[in-house]
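Each remark here refers to the structure printed beneath this line.
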Amino acid sequence: MSDFRQKALDYHAKPRPGKISVELTKPAESVTDLALAYSPGVAEPVREIAADPDAAYKYTAKGNMVAVISNGTAILGLGNLGPLASKPVMEGKALLFKRFAGLDSIDIEVKHRTTEEFITTVANIADTFGGINLEDIKAPECFEIEQELIKRCKVPVFHDDQHGTAIVTAAGMLNALEIQGKAIHDVTIVCMGAGAAAVACMELLIKCGAQRERIYMLDRKGVIHTRRDDLTPHKMLFANNTDKRTLEDVMEGADVFVGVSGPDVLPPAALSLMAENPIVFACSNPDPEIKPELAHAARKDLIMATGRSDYPNQVNNVLCFPFIFRGALDVRASAINDEMKVAAVEAIRSIAKEPVPAEVLAASQSDSLEFGRQYIIPKPMDPRLCQRVATAVAQAAIDSGVAGIESLPADYMQN
Ligand SMILES: NC(=O)C1=CN([C@@H]2O[C@H](COP(=O)(O)OP(=O)(O)OC[C@H]3O[C@@H](n4cnc5c(N)ncnc54)[C@H](OP(=O)(O)O)[C@@H]3O)[C@@H](O)[C@H]2O)C=CC1
Ligand SMILES: CC(=O)C(=O)O
Ligand SMILES: [Mg+2]
């Protein structure tokens, strides 16, 4: 067994299994404490909530609690390994919610037979939480699941692999294009993968100015084009009227490659076909579409990003989901809308252009980080992410009319 594999297993197993636990926020030592916490005192908030459901935000942990919910059908790039096997990833998301945004979070892995059964299960428990983060649910079911849950739930529902990934990809891409001297309107984009992350990333890049006709999307069968008769409705949105059929066909002259598919599917030789100053986001986890060492050996003029923590330029939804939920929950937003997503993109990308605090350099084990090819996007441990992204998202929720409060407190995110 490799050293790293053993270390990762030990990290999860010791000193106690798993990565999260529950902590108490009130004293529970004496009979007086118990009389308040449990019987008879607990009856008072019960009566308040029965009379007014919003009182749950005042008397329970609901307003600071996110459910991370999966069925394990697209666990990272590992595939459909079932709900229980997804638990380490979902606990990991809970760890990140707490560590980076102070949000309490619990993982829920759902076994189900039909899509409707999954939707009903989540809808039936949604009121317990301030928000629902859907995770690692494969396409195409993820699209129906998210849309239906948004309709049925009063709290924000957000499929992280779609929108968290899209927000971070757009933030990193806009910066990378700026560094490479390219305009988003003019670039040709190859997107390897046509699932949850791919569709949302390309739709958001289009909202940011990319041209749909200049995007070539591929699935396991190759280029998605108008003469294919096996396309789902979401793939159809990206069907090109083109004679190009293979990865090599579309990489010829391309400016940008975005990989949200699987490991090692981009051969180094394909990089030599790309235009000058190309951008490669190989975002599949844990193993990218191409290893950065191979990509840099093939192209010296490249900007390269992966989804991993152990290479420069980590394009990963961890830069978004803790903070977008922090902002949404703090203003009791009923939804996470496009205005909030765009606000998150701008807030994330702006941080990369500013000097990096010493604590972030230390945590990143770097001597220096400066906006450029090796630093297009902030590091997850940058405390400015929580302040700036949550504030921008909360304000956008208020301005777009989905918040439950009228204005942000003057000292919001000041401490
Ligand atoms: N860095 C980040 O923040 C994130 C990275 N990801 C990564 O993106 C990948 C996809 O996740 P997600 O969209 O949720 O999963 P989905 O199951 O929804 O979609 C997977 C897509 O990838 C395609 N695909 C898989 N293997 C290949 C291959 N060998 N060649 C071409 N296409 C392939 C599938 O093709 P087909 O339709 O033909 O089955 C499908 O369209 C994962 O590796 C995941 O780790 C996801 C979210 C965030
Ligand atoms: C990062 C993430 O959510 C994924 O790879 O699925
Ligand atoms: Mg995921």
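When a ligand or atom number is given, it counts from 1 through the structure's own listing order. Since the structure is predicted, the reported quantities are computational estimates derived from the model, not experimental observations.
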State the atoms of ligand 1, each with its element, that fall below the 4.0 Å cut-off from a heavy-atom position in [X].
X	result
Gly77	42 (C), 43 (O), 44 (C), 45 (O)
Ala194	21 (C), 40 (C), 41 (O)
Gly307	1 (N)
Gly195	13 (O), 18 (O), 19 (O), 21 (C), 40 (C), 41 (O)
Ala197	13 (O), 46 (C)

message: Could you check whether Phe325 and Phe158 have their ring centres less than 6.0 Å apart?
response: yes

Which residue holds the protein heavy atom closest to [atom], what is that atom called, and what is the gap in Å?
atom	result
atom 33 (C) of ligand 1	Ser261 CB, 3.6 Å
atom 5 (C) of ligand 1	Cys283 O, 3.1 Å
atom 5 (O) of ligand 2	Asn285 ND2, 2.9 Å
atom 48 (C) of ligand 1	Thr165 OG1, 3.0 Å
atom 26 (N) of ligand 1	Arg220 NH1, 3.4 Å
atom 11 (O) of ligand 1	Leu76 O, 4.4 Å
atom 1 (N) of ligand 1	Val315 O, 3.0 Å
atom 45 (O) of ligand 1	Asn285 N, 3.0 Å
atom 23 (C) of ligand 1	Gly193 CA, 3.9 Å

Please say whether more than 12 non-hydrogen atoms of neighbouring residues, nucleotides or ligands are located less than 6.0 Å from [atom1] in [X].
X	atom1	value
Glu370	CD	no
Gln414	CD	yes
Lys111	NZ	no

At a non-hydrogen distance cut-off of under 4.0 Å, which region of [X] contacts ligand 1 (side chain, backbone, both, or neither)?
X	result
Lys235	side chain
Val265	side chain
Asp219	both
Ala74	side chain
Thr73	neither

task: Step by step, work out the salt bridge (charged side-chain N to carboxylate O under 4.0 Å, His left out) result for Asp10 and Lys14.
output: CA-CA 6 Å; Asp10 288 348; Lys14 299 172 186 173; 3.7 Å; yes

statement: Looking only at non-hydrogen atoms, the one of Cys320, Pro288, Ser284 nearest atom 43 (O) of ligand 1 is Ser284

task: Identify the two heavy atoms, one from Val360 and one from Met381, that lie closest to each other, and give their separation to 0.1 Å.
output: CG2-O, 4.2 Å

task: Mind listing the closest non-hydrogen atom pair of Ala282 and Pro288 along with its distance?
output: O-CB, 3.3 Å

query: Just checking, is any N or O donor in the side chain of Glu117 or Thr121 under 3.5 Å from an acceptor N or O on the other one?
result: no

- prompt: Thr165 and Asn317: side-chain donor and acceptor closer than 3.5 Å?
  reply: yes

message: Students often mix this up, so state it plainly: with edges at 30° and 60°, are the rings of Phe323 and Phe100 parallel, tilted or perpendicular?
response: tilted

Which ligand 2 atoms, with their elements, are less than 4.0 angstrom from a heavy-atom of [X]?
X	result
Lys93	1 (C), 2 (C), 3 (O)
Asn316	1 (C)
Glu135	3 (O)
Asp136	6 (O)

Do the charged groups of [X] and [Y] touch, with an N to O distance under 4.0 Å?
X	Y	answer
Asp338	Lys341	yes
Arg227	Asp243	yes
Lys93	Glu109	no
Arg388	Glu354	yes
Lys221	Asp219	no
Lys244	Glu252	no
Arg212	Glu203	yes

task: Could you establish whether Met192 and ligand 1 come within less than 4.0 Å of each other, counting only heavy atoms on the residue side?
output: yes

query: Between Ile75 and ligand 2, which part of the residue brings a heavy atom under 4.0 Å of the ligand: side chain, backbone, both or neither?
result: neither

field: Metal-centred angle, the Mg ion (ligand 3) as apex - OD1 of Asp161, OE2 of Glu135, 10° resolution
entry: 100°

field: Contact check: Asp161 vs ligand 2, nitrogen or oxygen atoms, below 3.5 angstrom
entry: yes

- prompt: Any nitrogen or oxygen of Lys138, main chain or side chain, under 3.5 Å from a nitrogen or oxygen of ligand 1?
  reply: no

task: Specify whether an N/O/S atom of Asp136 falls short of 2.8 Å from the Mg ion (ligand 3).
output: yes

